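For reference, the structure is listed below as structure tokens.
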Amino acid sequence: MHGLPLDSYRILVVEDEFLLANDLCFDLERAGATVIGPFGHMASAMGCANAGTRIDAAVLDINVAGEEVYPLADLLTARAVPIIFATGHTRESLPERFAMTPICHKPVVLQELVAAVRAQKRTS
């Protein structure tokens with residue numbers, strides 16, 4: 001699988017809707033990424049992030065099983081891990097500190113997600 005757009009990327013996926021998470025993981029793996037997760041609860045996602053797992057980028061739903069993902073996004077941002085929100089939320093609904101964070105609107109289009117991950121990786 002060499003030469004794929006996300007070869008060697010380890011991407012954390014946090015999404016609580018099973019079918020969306022399954023599709024997202026399948027698409028990321030098809031693009032060459034190693035998927036960490038998916039995690040459907042904040043506690044398990046935070047546990048993974050705190051375990052010292054290498055994470056090259058994260059794709060985060062904003063509302064995960066009724067909890068906002070922002071504490072995890074803050075943790076990852078503090079560690080210089082690029083994040084992309086995969087959501088139905090609008091940019092205007094994001095807290096100010098995430099105003100410039102890339103958003104891929106659901107349903108996520110693989111090409112848009114790949115481009116967002118690669119652009120974030122270059123700038124981090």
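Since the model is a prediction, treat every value here as computed from it, not as a measurement.
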| said: Would V109 and C104 count as a side chain to side chain contact (heavy atoms under 4.5 Å, CB included) here? Give the steps. | reply: CA-CA 8 Å; V109 175; C104 287; over 6 Å; no

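We find the CE-CD distance between M46 and E67 to be 10.0 Å, quoted to the nearest 0.5 Å. With values rounded to the nearest 0.5 angstrom, H105 atom NE2 is found 12.0 Å from F85 atom CZ. The CG atom of D61 sits 10.5 Å away from the CE atom of M42 when rounded to the nearest 0.5 Å. We find the CD1-OH distance between I55 and Y9 to be 15.5 Å, quoted to the nearest 0.5 Å.
Pairing each heavy atom of A65 with each of G40, the nearest pair is CB-O, 3.6 Å. I83 and A73 get closest at one heavy-atom pair: CD1-CB, 3.6 Å. Nearest heavy atom pair, residue T90 against residue I103, reads C-CD1, 4.3 Å. In terms of heavy atoms, D56 sits closest to S8 at OD2-O, 3.3 Å.
In the hydrophobic clustering of ILVMFWY residues, with side-chain heavy atoms under 4.5 Å counting as a link, V14 and L20 come out apart.
Side chains of L75 and N50 form a contact here, defined as non-hydrogen atoms less than 4.5 Å apart. The shortest side-chain heavy-atom distance between P95 and Y70 falls under the 4.5 Å cut-off. Within the 4.5 Å cutoff, no side-chain heavy atoms of P82 are placed close to those of V117. The closest side-chain heavy-atom distance from L6 to I11 is below 4.5 Å. Within the 4.5 Å cutoff, the side chain of I62 has heavy atoms near those of the L94 side chain. V13 places none of its side-chain heavy atoms less than 4.5 Å from the side chain of F39. Counting heavy atoms from C-beta outward, E15 and K106 have side chains that approach closer than 4.5 Å. Proximity of L24 to V108: side-chain heavy atoms (C-beta onward) are separated by under 4.5 Å at one or more points.
In this structure, the side chain of R118 does not engage the main chain of L113 through any donor-acceptor pair within 3.5 Å. With R10 contributing its side chain and A57 its backbone, the two residues share no donor-acceptor pair below 3.5 Å.
With R79 as the fixed residue, the side-chain contact (heavy atoms from CB on, under 4.5 Å) test singles out one of T77, V81, L76: V81. Of the listed residues (L60, N63, D16), just one forms a side-chain contact (heavy atoms from CB on, under 4.5 Å) with V69, and that residue is L60.
Surrounding NE2 of H41 are at most 12 heavy atoms belonging to other residues, nucleotides or ligands under 6.0 Å away.
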